[in-house]
Amino acid sequence: MNTEIALFLIQDGLTNGAIYALLALALVLVFAVTRVIFIPQGEFVAYGALTLASLQLGKLPGTAWLLLGAGLAVAAVELVQALRVRALRRIPAIILKFIIVPVFLVGLVWWAAPQKPALTLQIVLALALIVPLGPMVYRLAYQPLANASVLVLLIVSVALHFAMTGLGLVFFGAEGSRTPPFSDAQWKLGVLTISGQSLWVVGASLALIAALLLFFEHTIYGKALRATAINRVGARLVGVSPAMAGKLSFTLAALIGALSGILIAPITTIYYDSGFLVGLKGFVGAIVGGLLSYPLAAAGAVLVGMLEAYASFWASAYKEVIVFTLIIPVLVWRSLTTHHIEEDEE
Amino acid sequence: MNLLLDVRDLCVAYGKVEAVHRVGLQVEQGRIVTVIGPNGAGKTTLLAALMGMLPARGSVNYAGEEIMRVEAERRVSRGLCLVPERRELFAAMTVEDNLTLGAFHRYRKRDKTVGEDFERVYQLFPRLQERRRQMAGTLSGGERQMLALGRALMSRPRLLMLDEPSLGLAPLIVRDIFRVIAGLRDKGVSILLVEQNARAALQVADYGYVLETGEIVVEGPSAELASNPRVIESYLGFVSVNAA
């Protein structure tokens with residue numbers, strides 16, 4: 001290996017690591033707030049990338065139908081709930097949020113897609129289709145089980161992962177897609193060539209991480225999410241409902257997932273089932289942070305990206321094996337250095 | 001008589017074990033009502049059920065509305081507030097953030113007057129202002145109770161429910177806390193106070209109930225309860241021996 005290759009691998013590792021870091025942060029957030037290990041995080045990555053790819057072909061993405069279907073299902077559940085507690089006043093809001101808004105969004109995409117709008121608009125449309133799925137998934141799959149054990153929630157996650165992967169195959173077919181890069185710019189830095197897209201990935205990831213930090217430190221909803229993660233009972237007592245916190249954290253997770261997918265779509269070919277591996281690598285990063293610490297999770301994810309880059313150079317056939325083997329020393333290290341914390345300790 | 005809280009036939013059960021049995025109690029607007037009783041009588045369970053944190057049967061009428069089916073979070077925004085025995089603070093957040101979150105439902109409604117309430121709470125508990133950048137988990141027991149009370153006040157409660165506010169505190173701090181509680185009533189906040197420290201509770205309260213093994217056994221104006229032989233023997237005598 002010469003310096004040129006080493007530098008190139010670092011660039012590659014950082015680019016992938018930035019994406020894994022975003023996903024790791026989303027996983028830590030969702031776990032801290034809802035105790036859900038969010039395996040379908042990766043599906044949001046694939047949905048984001050493939051939805052954008054469909055839009056670029058001028059087609060209505062299949063995820064539009066998913067949004068309509070999920071919206072109807074949530075509306076049905078919420079209406080039954082409202083009738084049961086005789087809160088008739090909530091009905092107009094339910095119909096607006098879960099039927100009218102999704103219909104409007106799908107209509108908008110149906111109208112806009114064939115006109116092939118600018119890339120920025122396409123990205124906005126893709127996000128508008130995917131992000132609302134986050135809270136809907138929470139409402140349908142997790143909220144009814146909010147008090148179940150971590151294991152039960154994990155099993156739900158596995159089921160949801162398979163369901164979403166299967167739907168991905170239906171919507172997007174078995175072929176992979178790659179979108180054109182955001183920018184064709186390339187810079188020569190000594191021996192190294194830096195592509196515009198990898199700068200986009202790293203820059204957007206850093207910006208998103210900074211935005212999350214500001215959100216958690218300085219907004220009332222960010223504080224409410226932290227409070228729920230620290231003390232669920234205390235949060236309820238000040239009026240932060242676990243359901244609201246859950247929906248908010250899933251919204252953020254869906255946003256992060258879809259954006260990650262959109263960012264990597266020009267770098268690698270994404271198939272309907274590619275999200276799983278990407279998400280899993282974010283998960284390895286999150287495990288480095290014990291599913292608890294945001295900075296450690298992000299650092300772990302960058303480490304995963306680096307390891308992957310070098311592994312694919314030295315032993316590309318064993319790339320995934322090497323990356324996932326990282327979890328064993330990490331778990332040993334964690335079990336030796338951390339004390340067991342009771343789940344209900346406050 | 002202006003009733004703020006009217007509880008009838010309230011039953012709370014953990015599985016098959018009934019912890020609170022057919023309890024009825026009333027809180028008038030602007031009054032302090034206390035529920036005293038021994039450990040394990042069901043006082044904490046009673047408050048948790050009134051807050052909506054536990055499933056219960058019976059009728060709870062608050063401010064003229066039946067709230068039995070209303071979730072805890074919505075009860076908060078209607079002015080019902082519980083300071084639990086375990087305080088349930090956000091240990092890894094600053095004192096100021098804890099207070100901010102106390103006003104969560106008011107921020108949601110874009111209430112512009114939250115800022116004044118920080119001043120008010122800091123005036124009431126200057127210690128909190130000194131420590132406002134400190135993590136809540138680093139506070140002493142007395143300061144934690146002040147923060148729990150302060151966080152509750154940030155929600156602008158109409159009915160404040162306090163579960164053992166004196167628990168584990170030094171006598172001087174207990175006196176401070178009870179002075180604050182009396183002051184709150186003078187500002188129109190109604191208070192439902194659960195205490196093992198029956199002497200202090202009856203001194204500050206207007207009306208009292210005695211809860212034993214999940215049932216109300218005696219009730220009456222505080223002065224009457226304080227001279228009731230049964231209450232003296234079971235609660236006040238014991239407390240004075242202990243305090244000596």
Side-chain angles (χ1 to χ4, degrees), chain A residues 28-29 32-33 78 80-90 93 139 143-144 146-147 213-248 289-290 292-296 341-342 344-346, chain B residues 47-48 51-55 66-94 96-111 114 135-137 144 147-148 150-157 160-161 163:
Chain A
V28 173
L29 166 67
V33 174
E78 291 282 355
V80 168
Q81 184 85 21
L83 290 177
R84 200 177 285 162
V85 300
R86 304 201 190 102
L88 301 181
R89 273 174 305 165
R90 293 186 211 165
R139 180 66 190 89
Q143 192 177 320
N147 295 317
L213 197 68
L214 287 176
F215 172 74
F216 283 123
E217 290 292 329
H218 295 292
T219 69
I220 187 73
Y221 283 99
K223 285 174 186 176
L225 282 187
R226 276 162 65 207
T228 308
I230 295 169
N231 185 337
R232 207 171 292 269
V233 175
R236 289 194 70 190
L237 289 175
V238 298
V240 179
S241 86
M244 188 218 78
K247 278 178 208 154
L248 187 51
L292 196 74
S293 154
Y294 292 95
L296 273 182
I341 297 167
E342 290 298 326
D344 60 355
E345 192 179 83
E346 264 134 21
Chain B
L47 287 197
M51 195 61 223
M53 304 291 283
L54 284 176
E66 176 60 48
I67 57 165
M68 215 42 193
R69 287 163 176 271
V70 177
E71 296 106 326
E73 300 81 24
R74 284 175 200 264
R75 294 187 197 196
V76 174
S77 57
R78 291 192 193 181
L80 206 62
C81 189
L82 169 66
V83 178
E85 192 180 333
R86 293 161 48 115
R87 322 303 191 221
E88 309 288 4
L89 297 172
F90 308 118
M93 296 176 82
T94 62
E96 194 157 83
D97 279 348
N98 270 271
L99 292 177
T100 305
L101 281 161
F104 178 72
H105 73 92
R106 297 171 61 199
Y107 280 107
R108 280 190 98 175
K109 292 175 200 149
R110 303 185 192 285
D111 185 339
V114 179
M135 294 295 151
R144 278 180 205 208
L147 180 55
R151 186 179 74 178
L153 293 179
M154 291 301 292
S155 78
R156 284 241 175 128
L160 184 59
M161 300 193 285
D163 194 356

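Chain identifiers are assigned alphabetically (A, B, ...) following the order of the sequence lines, protein sequences preceding nucleic acid strands; residue numbering begins at 1 within each chain. Just so it is clear, the structure is predicted and the values come from calculations on it, not from any experiment.
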Any donor-acceptor N/O pair, N231(A) side chain to L89(B) backbone, under 3.5 Å = yes

Are the side chain of R108(B) and the backbone N or O of I220(A) linked by a donor-acceptor pair below 3.5 Å?
-> no

Rounded to the nearest 0.5 angstrom, the CD1-CG distance for I230(A) and N98(B) is 8.0 Å

Value rounded to 0.5 Å, distance of CG in L101(B) from NZ in K223(A) =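 One finds 7.0 Å between CG of L101(B) and NZ of K223(A).
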
Could you look at A229(A) and say if it's the side chain, the backbone, both or neither that has a heavy atom under 4.5 Å from chain B?
->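 For A229(A), there is no contact with chain B at all, as no heavy atom is under 4.5 Å.
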
Honestly, the part of R86(A) sitting under 4.5 Å from a heavy atom of chain B is side chain

Who wins among D97(B), L82(B), T100(B) for the most heavy-atom pairs under 4.5 Å with chain A?
->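 Answer, by heavy-atom pair count under 4.5 Å with chain A: D97(B).
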
Top contributor to chain A contacts, counting heavy-atom pairs under 4.5 Å, from H105(B), R74(B), M51(B) =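 Counting heavy-atom pairs under 4.5 Å, the top option is R74(B).
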
Could you tell me which residues satisfy ring-ring contact (aromatic ring centres under 6.0 Å, His included) with Y221(A), sequence neighbours excluded, listed by chain and number?
-> F104(B)

Residue R151(B) versus chain A: region with a heavy atom under 4.5 Å = side chain

Quick one: side chains of residues 236-247 of chain A, donor-acceptor pairs under 3.5 Å with protein atoms, not counting sequence neighbours, listed by atom name and distance.
{"residue": "R236(A)", "atom": "NE", "partner": "E73(B)", "partner atom": "OE2", "Å": "2.6"}
{"residue": "R236(A)", "atom": "NH2", "partner": "E73(B)", "partner atom": "OE2", "Å": "3.3"}
{"residue": "S241(A)", "atom": "OG", "partner": "M244(A)", "partner atom": "N", "Å": "3.0"}

